[in-house]
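The structure appears right after this line, and notes come after that.
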Protein chains: 2
Amino acid sequence: MIDSSVAVSCSNCSVRRLCLPAGLSLEDIARLEQVTRKKKVIKAGESLYRPGDSFQNLYAIRSGSFKSVIIAADGDTQVTHFALPGELLGLDAYSKQVHSSYAEALEDSSVCRLPFAQLEILAQQVPALQQQIYSIFSEELRQENEILMLLGKRSADTRLAALLINISSRYASRGYSHSEFILSMPRTDIANYLGLTAETVSRLFSRFQRQNLIKVNGRVVQVIDLLGLSELAGTHCGYEGEI
Amino acid sequence: MIDSSVAVSCSNCSVRRLCLPAGLSLEDIARLEQVTRKKKVIKAGESLYRPGDSFQNLYAIRSGSFKSVIIAADGDTQVTHFALPGELLGLDAYSKQVHSSYAEALEDSSVCRLPFAQLEILAQQVPALQQQIYSIFSEELRQENEILMLLGKRSADTRLAALLINISSRYASRGYSHSEFILSMPRTDIANYLGLTAETVSRLFSRFQRQNLIKVNGRVVQVIDLLGLSELAGTHCGYEGEI
DNA sequence: CGGCTTGTTGATCCTACTCAAGAGGTGTGG
DNA sequence: CCACACCTCTTGAGTAGGATCAACAAGCCG
């Protein structure tokens with residue numbers, strides 16, 4: 001894990017409108033940059049933080065992707081989130097001031113490190129930043145509710161369809177193709193996230209391909225029939241930025 | 001839904017240390033009270049807000065209990081939370097300024113209404129309140145993660161055991177018995193919350209009783225063997241205030 | 001009392017899990 | 001350059017846990 005401590009600029013960051021600076025004036029963005037000028041490069045498989053680490057920073061993803069994982073007392077794990085550029089990691093550690101999950105890079109990635117103590121002080125002075133922090137907290141709660149819905153009721157094919165649509169839409173809102181993308185996570189992580197086994201996920205990918213909903217080749221996914229996929233998902237897809 | 005608009009006092013509220021005033025000085029509590037002096041009585045079955053309602057207030061539960069429910073596009077529902085006195089409802093609506101869930105009273109209950117716009121301004125001036133709001137957001141994220149773990153991996157009996165222990169501990173932290181309590185929600189709500197059917201939940205209650213883990217009579221639950229129940233739950237119980 | 005809601009129990013079925021074998025891809029070292 | 005180990009992914013066969021369908025009991029309230 002290299003801490004290159006490079007000065008970063010929010011104003012020319014490609015995901016600024018999905019990240020903390022969203023809704024801030026140029027002046028306020030400048031103040032935010034002074035608090036958050038550290039940039040870190042994280043290699044695939046490395047972790048930003050681990051359970052038990054004291055809470056010091058939030059991390060904003062600049063590029064790459066991460067999984068958030070919690071570990072139960074018996075060592076069992078649960079993937080709770082796949083995070084893409086512009087998203088913040090670490091918010092759940094605030095209340096206990098200790099991380100209870102770990103965030104592992106699914107591919108070589110880079111993040112901005114945001115010392116929360118400083119962010120907190122700045123937010124006290126900049127209402128727009130304050131509101132953006134509330135907004136991100138609240139949005140994360142809303143998204144977790146949708147995952148709950150998925151895990152609570154839905155069949156295996158519905159869950160996978162919903163995940164594919166969700167990821168597709170999130171890539172789209174970041175300027176990438178919504179019809180073809182590369183899943184940065186292995187089948188086991190997808191299965192864990194969806195509350196299924198890797199075998200079931202693999203079978204579903206094969207079946208979706210037979211049904212001409214998608215084309216799969218390893219981690220490369222091409223969406224053929226978005227409508228069909230949406231119907232399968234029952235629109236419980238958490239399509240980002242919409243409703 | 002009666003808006004009795006009674007002046008309320010946080011300082012003599014029995015759940016103040018679980019609620020927003022936690023960690024605040026007497027002086028700051030007084031300022032908080034001025035923002036939040038409305039009290040509402042909600043009858044069993046009535047809702048605090050519904051999906052589509054604009055976000056104006058947070059609600060702090062004084063007495064009684066609520067369920068939070070989200071509704072999917074196809075009308076399917078998911079109970080995401082059972083809320084007890086001291087807990088805040090409505091946080092997930094901030095980012096969109098519209099409620100996407102509803103909060104229904106499981107029994108006759110009373111709440112404090114907190115106009116968020118005013119709370120936001122006060123928090124800007126009172127860092128301790130600010131921190132308490134972050135803390136509540138963060139804690140809610142952490143709790144949702146634990147539910148995710150439950151729904152994602154665990155067997156039916158583990159889920160129910162974990163819920164019973166969770167509720168038991170939450171009653172205990174509010175000064176009630178942890179070994180005997182009344183479930184304010186019907187079996188269908190428990191089932192929905194746990195991602196099971198009402199029949200399965202009912203069978204599990206019967207089985208737990210046969211195994212001498214609990215004694216059940218309708219909604220009255222008596223915990224006989226807390227340790228056995230904990231083992232079943234695998235300590236994925238979200239025991240409040242601990243870890 | 002009678003209608004309604006909530007909860008219990010039984011029988012059967014089906015979805016996704018488990019166990020197992022093998023294919024495809026990648027990186028390392030000889 | 002090939003051989004080998006290793007890891008991820010796929011596919012198959014059998015199984016089990018929870019869903020579904022259905023009947024009935026127990027409260028509760030007008």
Side-chain angles (χ1 to χ4, degrees), chain A residues 43-45 67 76-79 104 106-108 150-164 182-211 214-222 232 234, chain B residues 43-46 65 67 76-79 82 104-108 150-164 182-211 214-222 232 234:
Chain A
K43 291 202 177 152
K67 61 173 173 180
D76 204 6
T77 61
Q78 172 72 38
V79 175
E104 182 184 312
L106 292 166
E107 58 195 308
D108 292 356
L150 213 59
L151 291 190
K153 324 194 82 67
R154 305 285 166 187
S155 60
D157 50 6
T158 298
R159 296 186 200 189
L160 184 60
L163 175 63
L164 288 175
I182 296 171
L183 296 169
S184 56
M185 68 295 285
R187 297 285 189 269
T188 49
D189 284 345
I190 295 176
N192 184 303
Y193 176 73
L194 295 177
L196 303 170
T197 58
E199 293 94 324
T200 299
V201 169
S202 182
R203 276 184 250 272
L204 286 170
F205 271 120
S206 302
R207 206 184 85 202
F208 284 2
Q209 183 159 242
R210 279 199 305 278
Q211 295 171 331
I214 59 174
K215 243 180 96 49
V216 203
N217 188 359
R219 297 194 183 176
V220 182
V221 174
Q222 196 183 339
L232 239 183
Chain B
K43 291 202 176 149
E46 291 180 339
S65 55
K67 61 173 173 179
D76 205 6
T77 63
Q78 172 72 38
V79 175
F82 294 120
E104 182 183 313
L106 292 165
E107 59 195 307
D108 293 354
L150 213 59
L151 292 190
K153 321 196 84 68
R154 304 285 165 189
S155 60
D157 50 5
T158 298
R159 296 185 199 189
L160 184 59
L163 176 63
L164 288 175
I182 296 171
L183 296 169
S184 56
M185 69 294 287
R187 298 285 189 267
T188 49
D189 285 345
I190 295 176
N192 183 304
Y193 176 74
L194 296 176
L196 304 169
T197 58
E199 293 95 324
T200 299
V201 169
S202 183
R203 276 184 249 273
L204 286 170
F205 272 119
S206 302
R207 206 185 84 201
F208 284 2
Q209 183 159 243
R210 279 199 305 278
Q211 294 172 332
I214 58 174
K215 245 181 96 48
V216 203
N217 188 1
R219 296 193 184 177
V220 182
V221 174
Q222 195 184 339
L232 239 183

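Chain identifiers are assigned alphabetically (A, B, ...) following the order of the sequence lines, protein sequences preceding nucleic acid strands; residue numbering begins at 1 within each chain. Fair warning: this is a prediction, and the values are worked out from it, not measured in the lab.
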Round to a whole Å and report the spacing from [atom1] of [X] to [atom2] of [N].
X: A:Glu199; N: C:dA21; atom1: CD; atom2: P; result: 14 Å
X: A:Leu194; N: C:dT15; atom1: CG; atom2: C1'; result: 16 Å
X: A:Asp76; N: C:dC17; atom1: CG; atom2: P; result: 14 Å
X: B:Asp157; N: D:dG17; atom1: CG; atom2: C1'; result: 10 Å
X: A:Arg187; N: C:dG25; atom1: CZ; atom2: P; result: 13 Å
X: A:Leu196; N: D:dC9; atom1: CG; atom2: C1'; result: 16 Å
X: B:Leu160; N: D:dG18; atom1: CG; atom2: P; result: 11 Å
X: A:Phe205; N: D:dC9; atom1: CZ; atom2: P; result: 9 Å

Residue [X], side-chain atoms from C-beta onward, closest of [options]:
X: A:Thr197; options: D:dA19, D:dT10, C:dT18; value: C:dT18
X: B:Ser206; options: D:dT20, D:dT11, C:dT8; value: C:dT8
X: B:Arg203; options: C:dT9, D:dG18, C:dA16; value: C:dT9

Which atoms form the tightest heavy-atom contact between B:Ala198 and B:Ala191, and what is the distance?
N-CB, 3.4 Å
Could you tell me whether the side chain of [X] and the main chain of [Y] form a donor-acceptor pair under 3.5 Å?
X: A:Gln222; Y: A:Lys215; answer: no
X: A:Asn192; Y: A:Thr77; answer: yes
X: B:Asp108; Y: B:Ala44; answer: yes
X: A:Arg187; Y: A:Gly218; answer: yes

Do B:Arg219 and C:dG7 have a side chain to base donor-acceptor pair shorter than 3.5 Å?
no
For A:Asn217 and for A:Gly195, locate the closest nucleotide of DNA chain C by heavy-atom distance; then report the residue assigned to the nucleotide nearer the 5' terminus.
A:Gly195
Answer yes or no: does a side-chain N or O of A:Ser202 lie under 4.0 Å from OP1 or OP2 of D:dT10?
yes
